[in-house]
Participant: 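Let me begin by handing over the structure; questions about it come next.
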Amino acid sequence: MADYDYDLFTIGAGSGGVRASRIAAAHGAKVAVAEEHRVGGTCVIRGCVPKKMLVYGAQFAEDLEDCRKFGWEIDNPQFDWITLRDNVLADVTRIEGAYTDTLESHNVEIFKERAEITGDHEITLASGKVVTAERILIATGAQPRLPDCEGVEHGITSNEAFHLDELPKKVIIAGGGYIANEFAGIFNEFGSRVKLVNRGDQLLRGYDEALRDRLLQISMTKGIEFKFNTVFEYIKPCDEGGYFVKLSDCDEERVDLVMFAVGRTPNTGGLGLDTVGVELGDNGEIKVDEFSKTNVDYIYAVGDVTDRVQLTPVAIREGQAFADSVFGDGKPYSVDHSCIPSAVFSHPPIASVGMTEGEAKNKLGGVRVYQSDFRPMKNVLAGRSERSLFKMICDASDDRIVGIHMIAPEAPEMMQAAAIAVKAGLTKADFDATTAIHPTMAEELVLMR
Ligand code: NDP
């Protein structure tokens with residue numbers, strides 16, 4: 001048997017790579033990981049974690065507005081972006097440290113540099129060091145995609161949004177997905193004028209139509225402007241600062257910031273995948289089997305680089321399953337990619353699990369839809385007109401819940417628990433048999449008609 005430097009060499013220390021490396025090492029493997037940016041990857045450094053902190057910061061805008069109705073008088077509250085930005089970035093550094101500690105405490109060797117596969121079982125690091133590994137795991141994630149438009153280099157992506165020196169007075173966000181809607185809410189709450197520009201006529205494709213409509217209606221009421229079926233023609237710097245932007249069928253306008261959020265592309269370039277013949281799919285993603293193995297017997301891939309489901313908890317599960325299956329004592333197992341709950345941290349957030357009403361009708365034929373359209377108690381007292389919407393989709397043949405969809409404050413928190421029930425195959429009758437906790441928003445889950 002060949003003698004390798006490592007049992008496992010992981011390229012990329014994001015959510016999937018860190019979990020896989022740590023677990024493989026815990027199973028007794030000799031593991032190294034290479035990371036060219038920062039340990040933690042997109043989620044920790046420039047994604048979910050700092051984004052959620054900004055969402056919290058943004059929510060204060062409404063809470064401070066509403067607080068008077070609850071008896072609080074706060075004179076002239078001021079928002080300071082730099083304070084929030086720097087506190088968020090400091091916490092990101094703290095979490096990066098925790099991730100690094102976890103790897104080190106499991107004796108995973110960390111190379112803070114780029115790595116490339118240069119031959120069979122062989123990896124060359126940016127420093128020139130060459131190492132060998134029995135198995136290689138690619139966990140390099142994805143990067144923001146940029147649209148085709150003149151002056152695209154003047155726009156930012158979510159990567160840069162956390163580092164802005166000042167908040168834009170006027171921002172145009174391209175895209176209608178997760179990132180576009182989340183940052184539209186964040187910037188809008190901080191007082192920026194926000195225009196969201198989408199190439200199609202639908203926001204958040206894949207989410208239930210009624211919720212998408214509700215988010216659009218609430219977002220417009222909050223002052224966010226939407227342009228559908230619109231593309232960028234050019235972006236040009238303006239001498240006085242900011243940019244001139246020309247959208248299709250619109251006059252040129254001046255804005256302070258353009259942000260692109262039009263999807264993410266798997267990071268497969270410059271990894272030497274062609275050297276060893278790793279097969280890629282149409283979107284440049286690494287093709288893998290159910291055990292995250294590529295067509296090359298000793299090379300595996302997990303997370304966004306495989307473009308299965310671009311979500312952190314999925315990458316973590318894939319990393320865990322890979323490490324347990326390949327280095328553990330138990331039976332190999334694969335990740336179940338069905339019925340994955342998700343959330344959009346818009347203002348208010350959306351959360352969802354299972355089939356939308358449209359999907360269920362197409363797949364099952366007979367469905368029963370239950371709904372609760374209500375104004376949360378807090379909004380009533382605050383004088384906010386904003387209404388929440390819960391939907392439950394059931395298979396008419398056996399009453400089984402096949403989807404739950406919510407748009408409401410704290411919807412993602414409620415959904416995590418509700419998703420267990422849907423995954424477990426519970427029925428509407430099971431929910432009906434559960435006593436409500438009153439007064440909560442979540443009680444609507446067991447009171448839907
Ligand atoms: P999404 O895939 O959510 O949305 C992409 C949007 O950009 C869609 O509206 C799409 O339109 C549009 N689009 C795609 N290509 C172009 C183009 N060339 N020109 C103009 N518009 C285009 O992507 P995001 O960038 O928002 O997020 C990337 C991924 O990151 C998500 O898929 C998600 O998995 C993950 N993510 C998850 C979060 C969460 O869990 N809360 C938060 C942030 C990101 P169309 O519908 O017509 O295709």
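Treat the numbers as computed from the prediction; the structure is a model and nothing was measured. Computed over heavy atoms, backbone and side chain alike; hydrogens, waters and symmetry mates excluded. Counting convention: from 1, in listed order, for ligands and their atoms alike.
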Participant: For ligand 1, what are the residues with a heavy-atom contact below 4.0 Å?
Facilitator: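 Contacting ligand 1 under 4.0 Å are Lys51, Arg145, Pro147, Gly175, Gly176, Gly177, Tyr178, Ile179, Glu182, Asn198, Arg199, Arg205, Ala261, Val262, Gly263, Arg264, Gln310, Leu311, Ala343, Phe345.
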Participant: Are any of the side-chain nitrogens in Glu253 or Lys170 under 4.0 Å away from the carboxylate oxygens of its partner?
Facilitator: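 Looking at Glu253 and Lys170, the cut-off is met.
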Participant: Counting the benzene-type ring for Trp, do Phe374 and Phe390 have ring centres under 6.0 Å apart?
Facilitator: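 They qualify: ring centres under 6.0 Å apart.
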Participant: If the condition is ring pair (Phe, Tyr, Trp, His ring centres under 6.0 Å), which residues does Phe345 pass it with, not counting sequence neighbours?
Facilitator: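 None.
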Participant: Holding to salt bridge (Lys or Arg N to Asp or Glu O under 4.0 Å), I want the full list of residues that pass it with Asp66, two or more places apart in sequence or in another chain.
Facilitator: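 Partners of Asp66 by the salt bridge (Lys or Arg N to Asp or Glu O under 4.0 Å) criterion, ordered by chain and then number, come out as Arg384.
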Participant: Does Lys423 come within less than 4.0 Å of Asp336, counting only side-chain N to carboxylate O?
Facilitator: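 Salt bridge present between Lys423 and Asp336.
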Participant: What pairs with Phe162 under ring pair (Phe, Tyr, Trp, His ring centres under 6.0 Å), at least two apart in sequence or on another chain?
Facilitator: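 Here the qualifying residues are Phe183.
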